[in-house]
Amino acid sequence: MKRKGILIILDGLGDRPIEELGGKTALEYANTPNMDKLAKMGILGQQDPIVPGKPAGSDTAHLAIFGYDPYQTYRGRGFFEALGVGLDLDEDDLAFRVNFATIENGIITDRRAGRISTEEAHELAKAIQENVKLPVEFIFVGATGHRAVLVLKGMASGYKVGENDPHVEGKPPHEFEYGDEESKKVVEILEEFVEKAHKVLEHHQINEKRKKEGKPVANYLLIRGAGTYPNIPMKFTKQWKVKAAAVVATALVKGVARAIGFDVYTPEGATGEYNTDAMAKAKAVVELLKDYDFIFLHFKPTDAAGHDNNPKKKVEMIERADEMIGYIVESIDLENTVIAITGDHSTPCEVKNHSGDPVPLLIVGGGVRADYTESFGERECMRGGIGRVRGKYIVPIIMDLMGRTEKFGA
Ligand code: ZN
Ligand code: ZN
């Protein structure tokens with residue numbers, strides 16, 4: 001029999017014991033009646049997205065969980081960001097992530113230009129695209145908030161290029177570094193681009209207005225994360241012969257989903273930030289499941305709370321995810337569906353970044369041999385029936401329960 005599948009990734013879900021939460025993790029502390037019920041009905045385990053002890057980026061972790069070896073496929077973040085904002089790129093394009101930032105007397109005083117709005121960033125990006133001339137063709141577009149994407153057409157061979165982001169405020173921009181002659185050319189173009197863009201931005205009306213309002217001006221570009229086309233041997237959809245959709249707001253993860261063949265949907269109100277409309281995502285999943293075999297649902301703000309070292313916020317975001325999951329489960333036929341819930345990596349509050357800790361994993365639905373676990377949490381997952389697996393085995397386990405795998409041998 002064939003079942004449908006839903007893979008839910010709560011970004012940065014895993015955590016470590018937190019004193020403020022009485023020694024529990026955020027997932028253990030949070031009130032999650034829906035996920036706890038699913039834990040009782042299903043099986044739990046732990047997964048290492050890449051390998052134990054290796055902190056994974058969101059992009060490499062997602063690649064690994066979708067079954068790709070990130071060490072073979074991954075060629076930098078910028079490319080996924082560019083795909084994620086909807087650009088169609090060629091194999092020889094070189095893409096970068098860009099921040100609008102504030103520079104005063106040669107010093108970066110705000111790496112996010114006071115977190116300028118998406119609308120402002122898009123307008124500034126447009127002005128740069130229209131007024132800056134470079135020796136190569138380029139695309140420069142706003143993403144979300146202070147973020148933007150730069151694509152240098154035909155420059156992929158110069159991918160061994162560094163960044164000008166000093167990563168801390170109160171310092172001048174970093175000098176772009178390069179690894180070979182090809183990337184040296186790219187550095188020259190980037191330096192020219194940054195300087196010309198600075199001139200366009202400095203007196204743009206948006207910045208004049210921000211100055212009057214006492215807000216940091218977006219007068220500089222910090223460029224990093226050079227990336228070229230990932231080496232994807234076969235699209236996910238082709239490999240598993242499924243029609244697959246992704247419900248995602250975050251550009252980076254959207255890009256990964258697009259690169260492996262998913263149709264990507266971002267429902268209105270889904271922002272990838274703390275204010276994201278989780279219910280809009282839940283409804284989109286239920287709707288899409290009518291037409292698709294496999295849905296990937298991504299939920300970002302759990303990761304942000306870990307980066308912000310804000311345990312209470314992480315608890316709140318997990319509880320919101322639980323409501324989202326509750327709505328999905330109530331609206332579908334669970335016997336004919338397989339649902340997996342996990343994170344792409346751990347983002348422990350105490351680390352304020354990704355860590356190499358294993359990530360909780362829950363699988364529930366038709367055909368699942370339930371174990372004796374009672375609730376969804378890191379330590380309960382340690383005694384679950386899945387045991388401890390690598391991220392790359394999650395999809396095969398789901399697909400097998402969905403009746404989509406082929407026998408090896410006679
Ligand atoms: Zn992540
Ligand atoms: Zn993160």
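Read the numbers this way: they start at 1 and go in the same order the structure lists the ligands and their atoms. Predicted, not measured: the structure shown is a model, and the values here were computed from it.
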Glu335/Arg3 salt bridge by N-O under 4.0 Å criterion: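 Counted as a salt bridge, because a side-chain N and a carboxylate O are separated by less than 4.0 Å.
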For the Zn ion (ligand 1), the closest N/O/S atom belonging to Asp344: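 Nearest to the Zn ion (ligand 1) within Asp344's N, O and S set: OD2.
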Residue and atom, protein N/O/S, under 2.8 Å of the Zn ion (ligand 2):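 Listed by chain and number, the nearby protein N, O or S atoms are Asp303 OD1, Asp303 OD2, His307 NE2, His354 NE2.
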Geometric class of the Phe236/Phe294 ring pair [parallel <30°, tilted 30-60°, perpendicular >60°]: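 Because their plane-to-plane angle lies in the 30° to 60° range, the rings of Phe294 and Phe236 count as tilted.
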Side chain Thr237, main chain Lys243, donor-acceptor under 3.5 Å: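 Checking the backbone N and O of Lys243 against the side chain of Thr237, no donor-acceptor pair under 3.5 Å is found.
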All side chain to side chain contact (heavy atoms under 4.5 Å, CB included) counterparts of Glu192, not counting sequence neighbours: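 For Glu192 the side chain to side chain contact (heavy atoms under 4.5 Å, CB included) partners, ignoring immediate neighbours, are Leu134, Pro135, Lys196.
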His62 ring center within less than 6.0 Å of Phe80 ring center: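 When the ring centroids of Phe80 and His62 are compared, they turn out to be at least 6.0 Å apart.
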Residue that, paired with Asp48, satisfies salt bridge (charged side-chain N to carboxylate O under 4.0 Å, His left out) out of Arg390, Lys392, Arg388, Lys54: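 That would be Arg388; it is the only one of Arg390, Lys392, Arg388, Lys54 passing the salt bridge (charged side-chain N to carboxylate O under 4.0 Å, His left out) with Asp48.
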